[in-house]
Amino acid sequence: MRLALLFGTLTLAFALAVLTTQVPKPRSLEAPAAAFSAARAMTDVEQIARAPHPVGSTEHARVRAYLTARMTQLGLSPQEQTGPLSPGSIQRLKKAGGDPDAANNQAINLVGVLPGKDRSQPAVMLMAHYDTVVGSPGAADDSTGVGAILEAVRAIKARGPIERDLVVLLTDAEELNLDGARIFFGGHPLRDRIGAVVNLEARGGGGRAAMFETGHEAGPTVDLFRRAAMRADGGTTATSLAVFMYEQMPNGTDFTIPKDRGIGGLNFAFIGRPAQYHSADATPENLDKGGLQHLGSQALEAADALLRAPALPAKGPNTVYADVFGRLMLSHSAATGWVLLGLTALLGGFAAWRARRATGLSAGQVGRGLLDGLWFLSAGLVLAQAVRLLAGPMSSRAASSETYYVLLRRLPWMEAGAVLTILALALLFLTGARRSRPRTVAGITAALTALVLLVGGFSPVLLGAGVIAAALSLWPVKAPTSTWGGWVGLIALVFLFGCIVQGAAPEAALLFVWPALLAAIAAALAALISPGLTRPAGLIPPAVASVLGGAWLMGLGHFVFLGIGMDLPGALALIGLLALLFLRPLSPPVGAVRPVLIGAAACLILACGFSLAARFAEPTPAVAEALP
């Protein structure tokens with residue numbers, strides 16, 4: 001029964017994750033006037049993205065004239081703001097084959113205003129850039145953002161008068177060095193009136209759009225957005241974890257400029273279909289219309305809520321938040337994380353107490369379960385990186401520009417390989433088979449670590465992971481006498497991680513706190529129903545938690561991989577560890593280990609096949625860097 005339950009819950013979790021990461025259906029031209037319509041926005045995208053339009057090109061001037069006419073039709077009274085390109089931008093444009101002299105080394109912003117009822121109040125800004133890189137029509141980056149803003153303005157007007165001014169800023173030269181945003185916030189007369197910014201971006205050609213960045217001290221802004229986002233088509237994709245991760249990265253968008261000035265707001269983008277990023281294939285025909293609907297609908301609801309609020313949100317403490325399957329957004333204060341951790345400890349302790357009375361669970365068994373989890377995490381980091389080697393250069397940022405875009409096109413293949421790798425290791429982990437040949441497992445782990453470090457480049461994190469995995473493989477461990485030791489040990493490990501992250505970065509702690517709490521709830525219920533986990537009914541709580549928690553983690557892992565998967569696919573090992581919180585009590589009995597091991601081997605072979613196939617599906621041009 002456990003074997004059927006294990007594969008059944010994995011299948012249901014995967015199906016739910018796929019279902020909840022889909023984009024909403026694009027609305028037609030006949031959609032209600034107050035709603036966002038991707039079809040209406042596409043009429044602008046098709047005109048804007050007719051051809052590449054980098055700064056200084058003839059197409060760039062044509063697009064600017066078209067946008068000026070459209071903004072005039074919407075009653076925005078557009079004006080041009082001109083400013084100098086930075087020296088770095090001029091060099092970058094020349095290197096890419098553009099002609100800065102044709103634009104007199106100038107960037108030209110378009111600025112329009114939709115007046116509100118009280119013009120003395122701080123204004124809300126909708127912002128996107130209308131320039132592209134050389135060679136790409138930029139249907140997604142950022143014609144989608146521009147088209148979505150024009151459609152959002154139309155819908156806002158259809159909803160009636162607004163409380164405060166709406167400023168529309170279509171920036172120039174974002175692709176060079178964020179020059180247009182720097183020029184506006186460096187000296188435009190309206191800059192000091194901006195109280196909140198909603199920025200639209202893209203890195204790819206579609207998929208669900210995420211709210212991935214906020215201003216500083218954005219708790220009240222997020223609270224307003226949480227209420228508004230549920231009105232958007234497809235709900236929202238947003239987590240404080242994504243905001244925290246993005247702030248640790250060197251990336252920047254136009255939103256970076258007002259954020260550095262202390263202006264609050266929200267930043268949206270989709271990053272699916274990565275092959276279209278800065279590509280000649282980024283045409284209106286290839287654009288994901290559902291992604292446009294999701295991006296524009298969220299931007300509309302966020303901007304509309306800000307425009308009609310009695311007062312713009314003030315600065316306040318950051319909150320911890322995440323969407324649940326895009327349909328519900330949970331939020332709590334940073335300090336509440338400690339309360340949730342305390343509840344996790346109480347529920348986990350109750351489950352351990354019941355299990356001790358029924359099965360003789362000891363502290364040593366829990367400790368061994370904790371070390372098992374640490375082995376899985378460290379071994380997963382190494383194994384995922386090793387399989388990733390088959391797909392090409394390990395450091396995308398150190399690669400040439402051309403190789404970087406090749407790796408982006410390979411990203412879906414890499415994700416399939418990484419997911420199958422972690423699944424293979426999880427199945428191996430659940431069988432406990434690694435304990436039968438500890439020296440062999442340790443030797444393989446050491447060899448893979450050396451391979452990753454020699455071919456992929458030195459990394460202290462991977463070196464440490466390899467050493468830990470090899471050492472734990474050799475650690476003398478007795479076979480578990482019950483499932484409880486491994487399960488409670490995993491909960492204890494994630495609980496400890498949660499405490500550490502809660503103290504250092506509470507906005508990111510939800511990644512550990514929420515799954516640990518769900519696992520502790522499932523464990524407490526299972527202990528009440530069947531303290532020895534001998535009755536089938538006792539497996540129902542972990543099975544339900546596996547479907548719900550596993551699907552949520554898979555969806556989260558998908559967006560994490562799109563963001564950092566080229567360089568650190570081993571991050572999915574952490575997602576795998578968290579999923580094992582729910583799957584551990586569904587471990588197959590001794591008599592059913594063989595089919596699970598066969599499944600693990602099949603997954604690993606497929607993982608290597610997908611990763612290696614990336615080289616042939618998206619070959620690197622001869623002029624690019626040689627692959628390892």
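Side-chain atoms are counted along with the backbone in the values below, which use heavy atoms only and exclude waters and symmetry mates. Quick caveat: nothing in here was measured; it's all calculated off a predicted structure.
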Sequence neighbours excluded, which residues qualify as salt bridge (Lys or Arg N to Asp or Glu O under 4.0 Å) partners of R231? E301
How would you list, by chain and number, every residue that makes a ring pair (Phe, Tyr, Trp, His ring centres under 6.0 Å) with F376, sequence neighbours excluded? F429
Is it true that a side-chain atom of S611 and a backbone atom of V387 form a donor plus acceptor pair closer than 3.5 Å? yes
Any pair counted as salt bridge (charged side-chain N to carboxylate O under 4.0 Å, His left out), so long as it reaches residues 236-253, sequence neighbours left out: E247-K259
Less than 4.5 Å apart, any side-chain heavy atom of F559 and any of R208? yes
Does a side chain donor of either T483 or R2 reach within less than 3.5 Å of an acceptor in the other side chain? yes
Do the side chain of S530 and the main chain of R535 share a donor and acceptor less than 3.5 angstrom apart? yes
Within a strict 4.5 Å, meaning less than it, do heavy atoms of the L604 and L425 side chains meet? no
Between Y277 and Y404, how do the two ring planes meet: parallel, tilted or perpendicular, split at 30° and 60°? perpendicular
Give a yes or no answer on whether the side chain of T449 reaches the backbone of T445 with a donor-acceptor pair at less than 3.5 Å. yes
E201 vs T253, side chain to side chain donor-acceptor pair (under 3.5 Å): CA-CA, chis, key distance, verdict: CA-CA 8 Å; E201 257 292 359; T253 69; 5.7 Å; no
So, S473 versus W375: side-chain donor-acceptor pair below 3.5 Å or not? yes
Assess whether ring pair (Phe, Tyr, Trp, His ring centres under 6.0 Å) is satisfied between F268 and F255, documenting all intermediate values. CA-CA 10 Å; F268 296 88; F255 187 77; 9.5 Å; no
Assess whether a salt bridge exists between R435 and D372, defined as any Lys/Arg side-chain N lying under 4.0 Å from an Asp/Glu carboxylate O. yes
Ring centroid separation for H294 and F270, is it under 6.0 angstrom? no
Qualifying salt bridge (charged side-chain N to carboxylate O under 4.0 Å, His left out) pairs with a residue from residues 6-28, counting only residues at least two apart or across chains: R27-D233
Stepwise side chain to side chain contact (heavy atoms under 4.5 Å, CB included) test for L496 and L370: CA-CA 10 Å; L496 290 175; L370 187 151; 4.0 Å; yes
Where at least one partner belongs to residues 548-564, residue pairs that pass side-chain hydrogen bond (donor to acceptor under 3.5 Å, both in side chains), sequence neighbours excluded: E415-H558
How far apart are the closest heavy atoms of A41 and L292, and which atoms are they? CB-CD2, 4.0 Å
May I ask you to check whether N267 and N199 show a side-chain donor-acceptor distance below 3.5 Å? yes
Keeping Q298 on the side-chain end and G234 on the backbone end, is there a donor-acceptor pair under 3.5 Å? no
Which pairs, with at least one residue in residues 322-343 and sequence neighbours excluded, count as a ring pair (Phe, Tyr, Trp, His ring centres under 6.0 Å)? H332-W514
